[in-house]
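This report concerns only the one structure given below.
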Amino acid sequence: MRHWLMKSEPDEFSFEELHRRGREPWTGVRNYQARNFLRQCEVGDLVLFYHSNCKEPGIVGVAKISKAAYDDPTQFDAKSDYYDAKASQEKSRWSCVEVSFHKTLKKPFTLEDLRTDKALRTMLILRPGNRLSVTPVSAQEFNVIAGA
DNA sequence: GCCAACGTTGGC
DNA sequence: GCCAACGTTGGC
């Protein structure tokens with residue numbers, strides 16, 4: 001089993017919203033590196049859910065991959081913000097997964113906490129200019145943040 | 001709203 | 001294939 005970190009702007013889609021809905025297709029990823037990570041996701045993998053672009057950026061909960069990668073339907077939808085004119089049903093460019101609510105952290109693990117913890121120095125999310133919305137996380141890093 | 005650090009696009 | 005221009009992300 002692998003572990004991941006996924007970013008979302010709470011104004012767009014928050015962890016609380018995922019809690020209410022139970023499960024949600026993770027669509028709209030339009031970066032090749034992030035897409036390739038999505039394609040490596042397997043059912044049962046655990047996901048750190050990170051809130052970005054907000055008052056207190058950080059990890060607020062854990063989600064679980066409930067469906068492995070499939071063609072992101074928003075790429076074919078001309079009305080979608082994520083429409084990609086260069087994609088077609090025959091030539092899909094983008095993938096999505098489905099995530100499910102797993103658990104809420106008792107206390108958010110803030111960006112400041114991430115930077116302070118020596119065991120987390122190597123996390124991709126902390127690299128300057130890292131803007132990937134999906135990144136792999138080691139089991140050790142995962143456990144530091146979300147407990148055993 | 002600013003700006004650094006990217007990724008993408010397209011002319012050549 | 002190079003690279004300048006442009007767009008986006010995300011912390012502050």
Item to check | Contacts of Thr122(A) that satisfy side chain to side chain donor-acceptor pair (under 3.5 Å) - sequence neighbours left out | outcome: Glu141(A)

Item to check | For Glu98(A), the option from Lys64(A), Arg23(A), Lys67(A) that meets side chain to side chain donor-acceptor pair (under 3.5 Å) | outcome: Arg23(A)

Checklist entry - So, the side chain of Asp71(A) versus the backbone of Pro73(A): is there a donor-acceptor pair under 3.5 Å, distance only? => result no

Checklist outcome for this item: The residue, Asn31(A) or Asn53(A), whose nearest nucleotide of DNA chain B is more 5′ is Asn53(A)

Next on the checklist: Run Asp45(A) and Arg2(A) through salt bridge (Lys or Arg N to Asp or Glu O under 4.0 Å) and show every step you take.
Outcome noted: CA-CA 5 Å; Asp45(A) 285 358; Arg2(A) 303 191 64 178; 6.0 Å; no

Next on the checklist: Any residue in residues 108-123 of chain A with a heavy atom nearer than 4.0 angstrom to DNA chain C? Just list them by number, or reply none.
Outcome noted: Leu111(A), Arg115(A)

Checklist entry - Got a sec, which residues hit side chain to side chain donor-acceptor pair (under 3.5 Å) with Asp77(A), two or more places apart in sequence or on another chain? => result none

Checklist entry - Using a heavy-atom distance cut-off of less than 4.0 Å, which residues of residues 78-87 of chain A contact DNA chain B? => result none

Checklist outcome for this item: Within residues 89-99 of chain A, those residues having any heavy atom closer than 4.0 Å to DNA chain C are none

Item to check | Listed partners of Arg39(A) passing salt bridge (charged side-chain N to carboxylate O under 4.0 Å, His left out), at least two apart | outcome: none

Checklist entry - Which nucleotide of DNA chain C is the first, and which the last, in the 5' to 3' direction, to come under 4.0 Å of a heavy atom belonging to chain A? => result dG7(C) to dC12(C)

Item to check | Fellow cluster residues of Leu132(A), listed by chain then number, with links counted only when side-chain atoms sit under 4.5 Å apart | outcome: Trp4(A), Met6(A), Phe13(A), Phe15(A), Leu18(A), Trp26(A), Val29(A), Phe37(A), Leu38(A), Val47(A), Phe49(A), Val60(A), Ile65(A), Val97(A), Val99(A), Phe101(A), Val134(A)

Checklist entry - How far apart are the C-alpha atoms of Asp113(A) and Thr110(A), what are their side-chain angles, what is the distance that settles it, and do they pass the side-chain hydrogen bond (donor to acceptor under 3.5 Å, both in side chains) test? => result CA-CA 5 Å; Asp113(A) 295 336; Thr110(A) 65; 3.1 Å; yes

Next on the checklist: Tell me which pairs pass ring pair (Phe, Tyr, Trp, His ring centres under 6.0 Å) where either residue lies in residues 61-91 of chain A, with sequence neighbours left out.
Outcome noted: none

Item to check | side chain to side chain donor-acceptor pair (under 3.5 Å) partners for Arg115(A), two or more places apart | outcome: none

Next on the checklist: Who clusters with Leu105(A)? Use side-chain heavy atoms, under 4.5 angstrom, across I, L, V, M, F, W and Y, and order the result by chain and number.
Outcome noted: Met1(A), Leu5(A), Leu46(A), Leu48(A), Tyr50(A), Ile59(A), Val62(A), Phe109(A), Leu111(A), Leu114(A), Leu120(A), Met123(A), Ile125(A), Leu126(A), Val137(A), Phe142(A), Val144(A), Ile145(A)

Checklist entry - side chain to side chain donor-acceptor pair (under 3.5 Å) with Glu9(A): which residues, sequence neighbours excluded? => result Asn53(A)

